[in-house]
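In what follows, every heavy atom counts, from backbone to side chain, and hydrogens, waters and symmetry copies are set aside.
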Amino acid sequence: MFLSVFDMFKVGIGPSSSHTMGPMVAAARFLDMMRASPFEFHGLRASLHGSLAFTGVGHATDRATILGLGGFVAHDYDDEKAEAFLAELNKTHTMHPEGLGALHFDPKADMIFDYDHALPGHANGMILMATDAQGDVILKQVFYSIGGGFVVTEEELAAGKATDEGDPVPYPFKSAAEMLEMAKASGKSIAEMKRANEISRGCSESLAKGTARIWQVMNDCINRGLERDGILPGGLKVRRRAKGIYDALMAERGLNQTAPHTINDWMSVYAMAVNEENAAGGQVVTAPTNGAAGTLPAVIRYYLDHVPGASEAHVEDFLLTAAAIAGLVKYNASISGAEAGCQAEVGSAAAMSAAGLCAVMGGTPEQVENAAEIALEHHLGMTCDPVKGLVQVPCIERNGLAAIKAVSAASLALRGDGQHFVPLDACIETMRQTGADMHDKYKETSLGGLAVNVPNC
């Protein structure tokens, strides 16, 4: 089983990997299908289903889909150009994707939120359609945004492409048990095995450059979030808090009066900075999703800024170890909040972060697996209930608390010898079963939990 570190960590835009980035990717794929088609097209339509419909406005799914159909892509996004495009589209109801000529699209009539008909393959379903001069649909494709920016067609999902193994790699572990067996037999760390797998599909230079860019984008996002204040968009009037907390923490430095637990505030503020940027539609890295994007960068920043002897040279090992854990969770369960609740997003992020920190602090493969299990175990059952469908409440603070849990899990694992009662594989399977049993209203629909028990204005 191989999922690249660059599959798990994608540079994109907020607020949601499954609801913003995924639909944009689907739209780009649909444009390619149109370009390869012999038909002449005159218009476009889009229909959002399930969670994409229920929380689509709060997650900017309609906007992302329209921009994707207009030719915009998440990894090279220009906000000024996007705003100009949307303003022109609202006036003319016409877009001009490259190679396809003028296509009619009225955002009010051709962007459909279908709340009544969920699609069978996944909670995040959408249908993209192209029409002829009479307005009849002559090309249609169902897409599923399955979490973390991953997108499959209904045919690909039925054929099992969501778990496609691809070409062989040196260490093809599909479970944590296999991962530990291979580590023991080879004498390699989890990061070393993951690095060998990555290089078998590319080269060491591209891996080094790619992971360096991932961390640079993550760290830049933290820094932007620590510098900006104001009100987040969306109507809840949520204040950005990271800057104020960070300024207070900096002012307390050197006073020799800080309580030991204040280190938790540092971890939280790094995570909150990222998720405030995500909520504002800024550039983030999926880790493994946008809604959980703050946890892992916060733990890396904590390691670099607060752990004696830490080195940025170890960040690649951190990312590779975390990606190995993320691949196991995605392959055997889910990283989608719409499919399995927030345990699949923030819980996975905490497990990835705990494993990465444990690894760079000298943990054995057994201790790394233990750290991931501890972190994930204590997120089991966590619902996804965003107020007003926005990735703000409780998502921003939740990433901070997950970072604290991740560091605690890594520390506990490092205090032991790697032997523990609950295997990571059992914990991942429990998460899958819990997600399957969880009521749909608690899985990114804003129909239950905090979303209906606090004022939405």
Side-chain angles (χ1 to χ4, degrees), residues 3-18 20-22 24-25 60 64 67 72-82 147-150 198 202 205-228 240 242-243 246 267 269-305 310-323 326 335 345-346 348-349 352-353 356-357 360 391 395-396 399-400 402-403 406:
L3 284 167
S4 173
V5 64
F6 304 117
D7 290 326
M8 304 315 304
F9 300 114
K10 300 185 187 77
V11 177
I13 57 170
S16 171
S17 51
S18 59
T20 310
M21 290 173 60
M24 194 176 283
V25 170
L67 288 173
F72 287 81
V73 291
H75 70 270
D76 190 23
Y77 178 75
D78 187 312
D79 188 59
E80 289 187 7
K81 289 182 180 179
F150 291 88
E198 295 285 342
E205 183 179 356
S206 62
L207 176 63
K209 288 182 178 178
T211 52
R213 179 172 184 253
I214 287 169
W215 170 237
Q216 185 65 57
V217 175
M218 286 179 171
N219 200 37
D220 288 347
C221 185
I222 292 174
N223 290 334
R224 287 195 308 273
L226 295 176
E227 294 169 357
R228 296 177 176 175
R240 285 180 180 254
K243 182 181 185 301
Y246 178 71
M267 291 181 242
V269 79
Y270 296 143
M272 291 170 66
V274 172
N275 283 86
E276 287 176 356
E277 281 294 289
N278 179 63
Q283 187 181 61
V284 297
V285 178
T286 60
T289 66
N290 281 32
T295 300
L296 187 138
V299 175
I300 296 180
R301 185 70 173 260
Y302 159 78
Y303 164 71
L304 292 175
D305 287 5
S311 170
E312 197 157 326
H314 296 150
V315 169
E316 181 175 286
D317 280 354
F318 191 116
L319 293 173
L320 289 170
T321 305
I335 58 170
E345 295 200 31
V346 167
S348 298
M352 293 160 62
S353 304
L357 181 61
V360 298
V391 193
C395 319
I396 294 171
N399 275 259

Report summary line: On a heavy-atom basis, the closest approach of G149 and V25 is O-CG2, 4.4 Å
Query - Exercise: identify the closest heavy-atom pair between T211 and F6 - result: N-CE2, 3.7 Å
**Report entry** E316 and V5: CA distance, side-chain angles, deciding distance, side-chain contact (heavy atoms from CB on, under 4.5 Å) verdict
**Finding:** CA-CA 10 Å; E316 181 175 286; V5 64; over 6 Å; no
Requested in this report: Find out whether E276 and K243 are in side-chain contact, i.e. whether some heavy atom of one side chain is under 4.5 Å from a heavy atom of the other.
Outcome: no
Report task. With side-chain contact (heavy atoms from CB on, under 4.5 Å) as the test, would you mind laying out the steps for F72 and I13 before giving the verdict? Result -> CA-CA 11 Å; F72 287 81; I13 57 170; over 6 Å; no
Report summary line: OH (Y302) and CG (L357) are apart, to the nearest 0.5 Å, by 7.0 Å
Requested in this report: Would you mind reporting whether N219 and I300 have side-chain heavy atoms less than 4.5 Å apart?
Outcome: no
Query raised in the report: Looking at E198 and L3, what are the two nearest heavy atoms and their distance?
Result: OE2-O, 4.2 Å
Requested in this report: Would you sort out whether L320 and L207 count as a side-chain contact (heavy atoms from CB on, under 4.5 Å), showing the intermediate values?
Outcome: CA-CA 10 Å; L320 289 170; L207 176 63; 4.3 Å; yes
Query raised in the report: How about P15 and N290: do any of their side-chain heavy atoms sit closer than 4.5 Å?
Result: no
**Report entry** Gap between atom CG of L67 and atom CG of D79 - 0.5 Å precision
**Finding:** 9.0 Å
Query raised in the report: Looking only at heavy atoms, which two atoms of R240 and A280 are closest? And how far apart?
Result: NH2-CB, 3.4 Å
Requested in this report: Using modelled atom types only, decide if a donor and an acceptor are shared between the side chain of S17 and the backbone of G147 within a distance under 3.5 Å.
Outcome: no
**Report entry** From M24 atom CE to H75 atom NE2, the distance as rounded to the nearest 0.5 Å
**Finding:** 11.0 Å
**Report entry** Approximate separation, where rounding is to 0.5 Å, of F9 CZ and S4 OG
**Finding:** 10.0 Å
Query raised in the report: Among all residues two or more places apart in sequence or in another chain, which pass the salt bridge (charged side-chain N to carboxylate O under 4.0 Å, His left out) test with K81?
Result: none
Query raised in the report: With distance as the sole test, does N275 use its side chain to make a donor-acceptor pair with the main-chain N or O of G294 at under 3.5 Å?
Result: yes
Query raised in the report: Does any non-hydrogen side-chain atom of M218 lie less than 4.5 Å from one of L296?
Result: yes
Query raised in the report: Which atom names give the shortest non-hydrogen contact between M8 and A326, and what distance separates them?
Result: CE-CB, 3.5 Å
Query raised in the report: Could you give the distance from CH2 (W215) to CZ (R301), rounded to the nearest 0.5 Å?
Result: 6.5 Å
Report summary line: Closest heavy-atom pair, S353 versus F318, reported as atoms and distance to 0.1 Å, is O-CZ, 3.5 Å
Report task. Could you please spell out the steps behind the side-chain contact (heavy atoms from CB on, under 4.5 Å) verdict for V315 and I214? Result -> CA-CA 10 Å; V315 169; I214 287 169; over 6 Å; no
**Report entry** salt_bridge(R228, E277) N-O dist < 4.0 Å
**Finding:** yes
Query raised in the report: Counting only N and O atoms by type, is there a donor-acceptor contact under 3.5 Å from the side chain of N399 to the main-chain atoms of T295?
Result: yes
